[in-house]
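Chain A is the first sequence line, chain B the second, and so forth, proteins listed ahead of strands; every chain is numbered from 1.
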2 protein chains.
Amino acid sequence: MTVTRSRTRQDVVAAAGRLFASRGYHGTSMRDLAREVGLLGSSLYSHIDSKADLLVEVVEQGAALFQASADRVENAGGTGAEQLAALVEGHVDVVLDHIDEARTFLYEADALDETHRQRVLAARDRYEAAFRRVLVTGAKDGSFQTDLDPAITAIMILSILNAVERWYRPGGRLDRRQLAAEILRFCSNGVGT
Amino acid sequence: MTVTRSRTRQDVVAAAGRLFASRGYHGTSMRDLAREVGLLGSSLYSHIDSKADLLVEVVEQGAALFQASADRVENAGGTGAEQLAALVEGHVDVVLDHIDEARTFLYEADALDETHRQRVLAARDRYEAAFRRVLVTGAKDGSFQTDLDPAITAIMILSILNAVERWYRPGGRLDRRQLAAEILRFCSNGVGT
DNA sequence: CCTACCGATCGGTAGG
DNA sequence: CCTACCGATCGGTAGG
């Protein structure tokens, strides 16, 4: 016996995340979203106030997931090398387990109003700062080279991590642990002999 | 004496590139574009056939610029290390000199019709293949480790390169040669001791 | 390149 | 959550 139960606000937000991630905010209409969740367009407004609010909510979920990973790593402590490994694994997990929120956080911030856009930029910088700190820690404890530039190095590591969702598909040659290991290996040693 | 001369098709395409790169295809209206180029919306159609055609044209310009760089590197030859350096420098040049076409090529392909979208994916793979070949060359000639995976390594290098336009701004601490050198250094040695 | 305009779709509201 | 609808804007066309 199938019971059609009424949609919750979270159903609507999750569906919005799916569409924003796959077609972009401006490429998604409220009627697209309503169809995705099984309603008519006007019925969405008994769950939410506006399309813009939905974007804010999805983006902030993405920001919170990445930050939670960084916070866990910082609380666990360890050498620079250990913490970098944990940051890489945590990022891969967030991207693979919450791809819609991650993509929307990474690529749709420009569709936000200026106030929320600035908050996203601040959230990204805060997350990036965790990588910078780990690089400094590792330079001191002998994990890493001592002359590396933490700012640009953090950006390059995050560039690799953020791009994962653009090419990696589960079920392929690498599982997610092997993926994280490959990334960590490249970030540690590069291609050099 | 200022002469207002009539717009050419290329002015319209270039303006479209600017807007697609900064607001996205779906975030750009034909009236936005007309204003950018100093016309009324309907007047655009004496230069172009449709909004979709404009996207195709900008994206294909981006594809051609990247491919031209890869072709130049391949024709110049050299060791794997030399060719990788040339690919990195070439990519940085394309991104910094043609940021609108590069961004549109990288981020707006999903807004294309399926036929053109597939062509972009093929163009990206062809460009990526140049990186894979250079990695294989370098593994044979002693430039690089012999046990690296060319496919995933090429993706990671390109992830760093493609992200450049998201954070690098000319006139800052690094000029473009230093930027390319930092990227090459990271790709060669990573953070390890 | 503009005037005048088209049908379709947009985000959203009133009222039940 | 639906019916009925709003004004605004969308990409695009006819005709000059």
Taken in chain and number order and not counting sequence neighbours, the residues that satisfy side chain to side chain donor-acceptor pair (under 3.5 Å) with B:N189 are none
Atom-to-atom span, [atom1] of [X] to [atom2] of [N] - whole angstrom:
{"X": "A:L19", "N": "C:dC10", "atom1": "CG", "atom2": "P", "value": "12 Å"}
{"X": "A:L39", "N": "D:dC2", "atom1": "CG", "atom2": "C1'", "value": "10 Å"}
{"X": "B:L40", "N": "D:dC10", "atom1": "CG", "atom2": "P", "value": "14 Å"}
{"X": "B:Y45", "N": "C:dA4", "atom1": "OH", "atom2": "C1'", "value": "16 Å"}
{"X": "B:L54", "N": "D:dG12", "atom1": "CG", "atom2": "P", "value": "9 Å"}
{"X": "B:K51", "N": "D:dG11", "atom1": "NZ", "atom2": "P", "value": "4 Å"}
{"X": "A:L44", "N": "C:dT13", "atom1": "CG", "atom2": "P", "value": "12 Å"}
{"X": "A:H47", "N": "D:dC2", "atom1": "NE2", "atom2": "P", "value": "9 Å"}

- request: Would you check if A:W167 and B:E128 make a side-chain contact, meaning some heavy-atom pair closer than 4.5 Å?
  value: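 Side-chain contact under 4.5 Å: no.
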Check your understanding: Quick one: is A:S46 getting a side-chain N or O under 4.0 Å of the D:dC1 phosphate, OP1 or OP2?
Key ->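 For D:dC1, neither OP1 nor OP2 has a side-chain N or O of A:S46 closer than 4.0 Å.
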| Distance below 4.0 Å between A:H26 side-chain N/O and C:dC10 OP1 or OP2 |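 Checking A:H26 against C:dC10: no side-chain N or O falls below 4.0 Å of OP1 or OP2.
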Do A:E182 and A:Q178 have side-chain N/O donor and acceptor atoms under 3.5 Å apart?
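Distance-only check fails for A:E182 and A:Q178.
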Next item on the list: Ignoring hydrogens and angles, state whether a donor on the side chain of A:Q61 or A:E57 is under 3.5 Å from an acceptor on the partner side chain.
Entry: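 Looking only at side-chain atoms, A:E57 and A:Q61 do not form any donor-acceptor pair under 3.5 Å.
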Given Watson-Crick and G-U pairs under 3.5 Å, DNA chain D in dot-bracket ([ ] crossing, | other strand) is ||||||||||||||||
Item to complete: Decide if atom CZ of B:R169 counts as having more than 12 heavy atoms of other residues, nucleotides or ligands within a radius under 6.0 Å.
Response: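 Yes - once you tally the heavy atoms of other residues, nucleotides and ligands closer than 6.0 Å, there are more than 12.
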Give me the ring orientation class for A:F186 and B:F186: parallel if the planes are under 30° apart, tilted from 30 to 60°, perpendicular past 60°. perpendicular
Practice prompt. Name the orientation class of the two ring planes belonging to B:F66 and B:Y127 (parallel below 30°, tilted from 30 to 60°, perpendicular beyond 60°).
Written response: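 Rings of B:F66 and B:Y127: tilted, 30 to 60°.
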Please list, in numerical order, the residues of residues 28-36 of chain A that have a heavy atom closer than 4.0 Å to any atom of DNA chain C.
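The answer is A:T28, A:S29, A:M30, A:R31.
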What is the minimum heavy-atom distance between B:P150 and B:L135, and which atoms define it?
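Distance-wise, the nearest heavy atoms are O-CD1, 3.6 Å.
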All heavy atoms of B:R124 vs all of B:A109, minimum pair found to be NH2-CB, 3.4 Å
_Students often get this wrong, so: under 4.0 angstrom with heavy atoms, is A:S42 touching a base, only sugar-phosphate, or nothing?_
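A:S42: base contact, heavy atoms under 4.0 Å.
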